[in-house]
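Note that this is a predicted model, so its numbers are computed, not measured.
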Amino acid sequence: MSAPKPLEQIKRETKAADRAPHLRRSAQAKPDQIDLLDDVVPGGGGTYHHGGPYDATLASRNRDARYAPLAAVADSNGEALRATPAANIVDAVTRHVPLQGTASVPPGQPDFGGHVMRYEEGDDLMREPGAAGGAYRRYEHVQYHPEDLKGKGEPSYTIERDLKTGKKKKQKSKD
């Protein structure tokens, strides 16, 4: 017996997955505008969902708190809201604009409305080697320059820095 054709295999797997009780149609996300525009499944055999960064906010992905993507960032989001003046939060919610002013007022200091900001500053994950989970993009076997905040490592950081300073000197000499 020969192997099934790829399209037949996809249809068979999709049909089997749809029979699973945890994947009933009512629990699945409806296709969004991008999904409706794409005809990746020929013959109308179903819709294909193009995953994106906002899928983590879907209710279907956050039903079980043990595996919910939003539960993983609940503490840090709460701390960010505590570090944001109330007026900025209201502005973001009522005007549908991005949240601004997070940690613009140091902890223990009053904001513009006189409310004392009560939050705890976390580790600087870019600069502090003892940060929770380790410093950002730092590996034990790689040497880093003290000014290397992006984790490029040596000698790459020094070479790129010298190239940039050389370009700046050339531009100044032209002016």
Side-chain angles (χ1 to χ4, degrees), residues 22-38 47-140 142-154 156-165 167-169 171-172 175:
H22 66 283
L23 293 176
R24 295 276 184 244
R25 294 269 183 221
S26 62
Q28 291 179 340
K30 304 292 186 261
D32 57 17
Q33 292 296 341
I34 301 299
D35 298 336
L36 294 174
L37 291 172
D38 192 5
T47 57
Y48 175 79
H49 177 65
H50 298 83
Y54 300 107
D55 285 351
T57 63
L58 296 173
S60 61
R61 301 266 177 110
N62 288 286
R63 295 202 192 285
D64 189 348
R66 294 176 298 170
Y67 307 110
L70 290 182
V73 293
D75 294 337
S76 59
N77 284 348
E79 202 64 37
L81 288 174
R82 284 190 287 282
T84 307
N88 293 29
I89 296 171
V90 171
D91 189 41
V93 172
T94 57
R95 296 185 182 186
H96 305 286
V97 296
L99 185 63
Q100 298 179 20
T102 301
S104 59
V105 179
Q109 299 294 316
D111 66 1
F112 303 114
H115 304 95
V116 176
M117 301 302 291
R118 302 198 189 288
Y119 67 94
E120 183 179 324
E121 276 191 84
D123 294 328
D124 185 346
L125 300 178
M126 296 295 282
R127 295 177 180 91
E128 295 178 17
Y136 177 72
R137 294 184 69 177
R138 296 288 193 254
Y139 304 99
E140 293 176 10
V142 178
Q143 292 181 350
Y144 297 96
H145 191 276
E147 296 174 9
D148 181 9
L149 299 180
K150 295 183 179 180
K152 291 185 178 187
E154 286 297 332
S156 297
Y157 175 79
T158 306
I159 292 169
E160 288 185 21
R161 182 194 62 193
D162 294 344
L163 286 172
K164 286 180 184 177
T165 55
K167 285 181 182 178
K168 289 179 184 177
K169 287 179 184 177
Q171 287 178 351
K172 287 184 180 179
D175 294 339

Q: Answer yes or no: is there a donor N or O on one side and an acceptor on the other, between the side chain of Asn62 and the main chain of Ala68, under 3.5 Å?
A: no
Q: With sequence neighbours excluded, tell me which residues meet side chain to side chain donor-acceptor pair (under 3.5 Å) with Gln100.
A: none
Q: Could you pull out all residues at least two apart from Asp64 that satisfy salt bridge (charged side-chain N to carboxylate O under 4.0 Å, His left out)?
A: Arg66
Q: Kindly write out the residues that satisfy side-chain contact (heavy atoms from CB on, under 4.5 Å) with Leu81, not counting sequence neighbours, or none if the list is empty.
A: Ile89, Leu99
Q: Search all heavy atoms of Tyr54 against all heavy atoms of Thr57 and return the closest pair with its distance.
A: O-OG1, 2.6 Å
Q | Closest approach of Tyr139 to Tyr144 (non-hydrogen atoms, all atoms of both residues) | A | N-OH, 2.9 Å
Q | Residue list, side-chain contact (heavy atoms from CB on, under 4.5 Å) with Asp111, at least two apart or on another chain | A | Pro85, Val105, His115, Met117
Q: Only pairs at least two apart or in different chains count here, so list each salt bridge (charged side-chain N to carboxylate O under 4.0 Å, His left out) that has a residue in residues 82-92.
A: Glu79-Arg82, Asp91-Arg95
Q. How would you list, by chain and number, every residue that makes a side-chain contact (heavy atoms from CB on, under 4.5 Å) with Arg161, sequence neighbours excluded?
A. His145, Glu147, Tyr157, Thr158
